[in-house]
Amino acid sequence: MSPLQTMSRYPFAEIEPRWQAYWEEHGTFRAVEVPGQPKFYCLDMFPYPSGAGLHVGHLEGYTASDIVSRYKRMRGFNVLHPMGWDAFGLPAEQYAVKTGIHPAITTAENIATFRRQMKRAGLSYDWAREINTTDPGYYRWTQWIFLKLFERGLAYVAEVPVNWCPELGTVLANEEVVEGRSEVGGFEVVRRPMRQWVLKITAYADRLLEDLERVDWPASTWEMQKNWIGRSIGAEVDFPLDGVNGNLRVFTTRPDTLFGATYMVLAPEHPLVDALTAPAQREAVAAYREAAARKSDLQRQELDKEKTGVFLGGHAVNPVNGERLPVWIADYVLMGYGTGAIMAVPGHDARDWAFARAHHLPIREVVAGGDVTREAFVDLEHGVAVHSTTPDGAFSIDGLEAAEAIARITDWLEAAGKGRRAVNYKLRDWLFARQRYWGEPFPIVWVDGEARGLPEEQLPVKLPETDRFKPEGTSEDPQSPLARLSDWVETLDPVSGRPARRESNTMPQWAGSCWYYLRFLDPSNPERLVDPAREKYWMPVDLYIGGAEHAVLHLLYARFWHKVLFDIGVVSTPEPFMKLVHQGTVLGEDGTKMAKSVGNVVNPDDVIERFGADAVRLYEMFMGPLEATKPWNTRGVEGITRFLDRVWRLLVDEEGRLSGALTGDDPSPDHLRTLHQTIRKVTEDLDGLRFNTAIAQLMTYVNELTPLKRRPRALLEPLVLLLAPFAPHIAEELWQRLGHAESLAHATWPAWDPALVEADTVTVAVQVNGKLRATLEFPRGADAETVASVALADERVRRHLEGFVVGKRIHVPDKLLNLVITPR
RNA sequence: GCGAGAGUGGCGGAACUGGCAGACGCGCUGGACUUAGGAUCCAGUGGGGAAACUCGUGGGGGUUCGAAUCCCCCCUCUCGCACCA
C-alpha cells in the first residue's frame, strides 16, 4: 500500500486497537444487575475452540449478536452478552492420541487464539464472565446436574442397542450418527447392545413438544424438533399366541385396519422370537438374526429396496376375528420403536405391501377407496372401512371414515381388554456415556455392582492426569482410557467405606453445553450453580444466535436439562431460549463450502489486517440476510471500506483534523427528512435483524451528505450513533473527535420524528391498463379528481387514450392512478 | 420418498398487508482531477430498439384494474428426516 493510498483511508489500524484497549480498561461492557432496568440477554452459541481458529462464518453470527447487543445498550437495556468455550471434545483428544500432547494444553492455546480473534473483531463481550466447560469449577456443576438426574431416576444404566464406532472407540448418540456414519470423522457405526448410561429424555417428550409453543424459533427448527420427538397416537393391541401361552403386543396408529392384518412381523431382536420359532425354521431364523445383527445402519439403508425376512413357523391370533396369522421376523421392523412388533396390514401400509408382495402373503382391503392390488391405500381422509365386522356380527366399523373408525375400535378393544390407547415417540432415551478421556467424569462409584452417586461435597470429580489418551476398548468391552488408571478408579464408597470403583466413562460433549447459558449469569459462584436472584433477573435468553446444525442435538438436550432444573427449582422459566436465529453458511469466494482441502477458507485475521475490523463486520452483515447461505466476496469488503472512508471524510479533513466543513447550521428540510427516514429504517431493521438493508440505508444517507460543502453537525452526530453498533471503532473515534468525552456505547439512540419522515410532495405513478405511462408530482394527500385531471392532461398519458373510453379509475392515494380503458 | 425453505440484472442482493421491479453494494462504461491511478469525484449501467415503445422476477396456466408477491401444475437447487408401524 503506497503512502498516498493510505492518506485517503481512515486509519483503522491505529484506531481499532486503541478503542479495544479503551473498552477493556473502562469495563465498558461489564454487565451488572440493575434492579428495575430492563435487561436483554443476547447469547451466541459458544464455540468448540478448534485448532483452525475462527473463520468468517463464525464471525457472521457473532457480529450479528454484537450489533444487537450494542444497539440494545443504546436503547437503554442492561445487556448481558457473554462468551465462553465448549472445550471438551473429540478433536483435541484425537490430536492428543496422535501427538501425546495433553488436550488441556492444545485447548488452552486454541482458546487464546479464539479470544484474541474475537477481541480483534471488536465484539463487546463481558469477558469477566468467560467460562470454560473443562474448568473443574465449571464441570463440578455439570456433575451436580447429573447427580440430580440420577437421584430422580432420569439417569440410569441399561443394556440398550447403541451405536458403536470402532474407529473412534466409543459409542455415539443417535443424533451423532448421520447416514450410518459418525458425525465426527465420518466413520462407520455398528449397532450393538451394550450396558451404558442413558438419560431419560423420553420422560420429558410431551413437555418438550408442547413447550415449543412458547418459543419464537425458525419454523424449520421447530419442525425438526417436532419430528425428532415424533409423537404418534394410536393403540396397543394384544395378539394371543397360537399354541403357546402369552401375547404378542403391537403398536399401531391404524387400529381401524385391524381386520386387514394378514401376518405379523417381529424385529429380529424381539424376545418372543424363540418361543414362536418352529424346529424346522430354527436354522433359517438363527441365520437371519445373525445377519441382521451384523448389519450396520449403513448397510441396512443400502439394502432398503428389498424387504427381507423369514417365517418363524409360529402363529398369533387376531383378537378381532380369531384368524391365525403367520409370524415373521424382518429387519424393517425396529426393536427400538413401539413394541418391536407389528401387525402387518399390507393393504394399507406401503412397507407391509412391499413385504407381502416379496413373500407372497395375502393382501386384504379393509378401507375402500384405492386399489390395493396396485399399491397400499393409506389415505386417512378419504375412504371408509369395509370387511371389518367380527364373525359373530357383534361389532363392526364398516362404513365409517378412519377417524371415527379408530375411535370406535379402540373403545371396543379397551372394553374387551384386548388393547388400549397408546402414545409412542420416535425420541429415544439419550445415550450419555462415552469411552473417552477428554470429558466430564461421572460423579458415580460402583459398589457391589450398584451405581452410587457421590455426595455433593466431593464434587468436582476431577479428571485424572495421564499421558495415554487412546481408547483401547472393544465392542465387547468398551473402555474409557480412565479405566486403566487404577489409582483413580479404585476408591472407597464414601457412605460405607467399602471398596468401590469409579465410573470410568465420561460424559458426551453436549453435557457442558446443556446449561452454560446459566453459568454466565453467575460464573464463579462456588456455592451454587447460579444465584436465584441473578437467574430471575437475566433469564430467559432473549436472543440466541447460532448454527442450524444444532437444531436438534444441542437445542433439544439443553431444553431437557432446563426443564429438569425448572422442576427442581433452579431456574424460573420453562424454556431457556425465547428467540432463536440461525446464521446462514458463508461460502467461499468460489461459491462452494469453505474447506481447508479446497483452499477457499477466509481467515478473519487476514481480512481484518487488510480492511479493518469495522469493514469486516459491516461486510459480514451487508452480504445478505443473516439466515441466508451466501458467498464471500473480497471485492465487497473493498466496497465497504470505501463507504467507511466516505463517512470518515465527512468529518475529518486531509490533515486528520475535524473537518472545517462542519457547521452549526440548521439542516435543510430535505436533509432533515432523509435523516429521520434513516433513523426509522435503521431502527426498524435492527429490531427485525435486517442488517443488510439497514446498512444500505446508511449508505444512501452518506451518499446524500457527501456533496455538501457545509455539513451541519445535526446531520452527522446521529449518523455516527446509527453507525456505532455496526462499526463501533470508527464511530467511537468520530464521536470523540466531535467533542464527546464519554464512549458512545451507552449514548442514547437517535429517535425519529414521524412528522419529519414524510415528504409533503409525493410521486404518483399513472398507469393506463396497468402499464406505467407517467409519474407525476403532487402535494401529499391529493384526491383522485386532482390527480386524474392532471394525468388526463399529460401528453404521455393522453396519447394512450385516443380511440378508447376511460372506464374505472383506480386511485391509491399518494401512490398510483390506474386508468382502465376500453375501445370506443 | 416425506417435510421445510428458496429460484429476481454479469454478481451479492432490495421491493411494507398485491400498487413505479432491480434500493444498496460489487463489476462494467464514459468523463473530471492527475506524472501516474488498482485513490478520489461526477455521470451512466436489466434485455431489445435511433426513438416511440416493447419484453422482462425458474417454466406453464389462472385470479385481479394491477402479480416477484395470491391460487393450480411442472422444473431446479439447498437443508432436514429417512423402513418410526
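Residue numbering restarts at 1 for every chain, and letters A, B, ... go by the order of the sequence lines. All of these numbers come straight from a predicted model, not from anything done at the bench. Heavy atoms only: backbone and side chains are in, while hydrogens, waters and symmetry mates are out.
Glycosidic conformation, G9(B): syn, with the torsion inside 90° of 0.
Residue Asn703(A) places at least one side-chain N or O under 4.0 Å from the OP1 or OP2 atom of G25(B). Contact annotation: Asn692(A) does not reach the phosphate of C24(B) (side-chain N/O to OP1 or OP2, under 4.0 Å). Put simply, Arg642(A) has a side-chain N or O that comes within less than 4.0 Å of OP1 or OP2 on C26(B). Close to C65(B), at under 4.0 Å from its OP1 or OP2, lies a side-chain N or O of Lys808(A). Not one side-chain nitrogen or oxygen of His348(A) sits closer than 4.0 Å to the OP1 or OP2 atom of A85(B). When the side-chain nitrogen and oxygen atoms of Arg773(A) are compared with OP1 and OP2 of U54(B), one or more of them lie within a distance under 4.0 Å. In this structure, Ser232(A) reaches the A85(B) phosphate: one of its side-chain N or O atoms is under 4.0 Å from OP1 or OP2.
With respect to the salt-bridge test (charged N to carboxylate O, under 4.0 angstrom), the residues Arg642(A) and Asp645(A) do not qualify. Here Arg357(A) does not pair with Glu375(A) in a salt bridge; the nearest charged N to carboxylate O distance is not below 4.0 Å.
Rounded to whole angstrom, the span from the CG atom of Asn769(A) across to the C1' atom of C20(B) amounts to 16 Å. Atom CG of Leu650(A) is separated from atom P of C41(B) by 10 Å (rounded to the nearest Å). In this structure, Met343(A) places its CE atom 12 Å from P of A85(B), rounding to the nearest Å. Between Leu817(A) atom CG and G19(B) atom P the separation is 17 Å, expressed in whole Å. We find that CG of Leu553(A) is positioned 11 Å from P of G80(B), with the value rounded to whole Å. Protein atom CZ of Arg690(A) is 8 Å distant from nucleotide atom P of A15(B), rounded to whole Å.
In this structure, U40(B) forms a base pair with A32(B), meeting either the Watson-Crick or the G-U wobble geometry with both donor-acceptor distances under 3.5 Å. With a cut-off of 3.5 Å on both pairing distances, the Watson-Crick or G-U wobble partner of C53(B) is G48(B). Across the strands present, G7(B) finds its partner in C75(B); the criterion is a Watson-Crick or G-U wobble pair with both atom distances under 3.5 angstrom. Pairing of U64(B), defined by two Watson-Crick or G-U wobble distances under 3.5 Å, is not identified with any nucleotide. Under the Watson-Crick or G-U wobble criterion, with both distances below 3.5 Å, G1(B) is paired with C81(B).
No more than 12 heavy atoms of other residues, nucleotides or ligands lie within 6.0 Å of CD in Glu785(A), so this atom counts as exposed by the packing criterion.
Without hydrogens or angle criteria, Arg231(A) side chain to Lys426(A) main chain gives no donor-acceptor distance under 3.5 Å.
Of the candidates C53(B), A85(B), A14(B), A85(B) carries the atom nearest the Ile342(A) side chain, counting heavy atoms from C-beta on.
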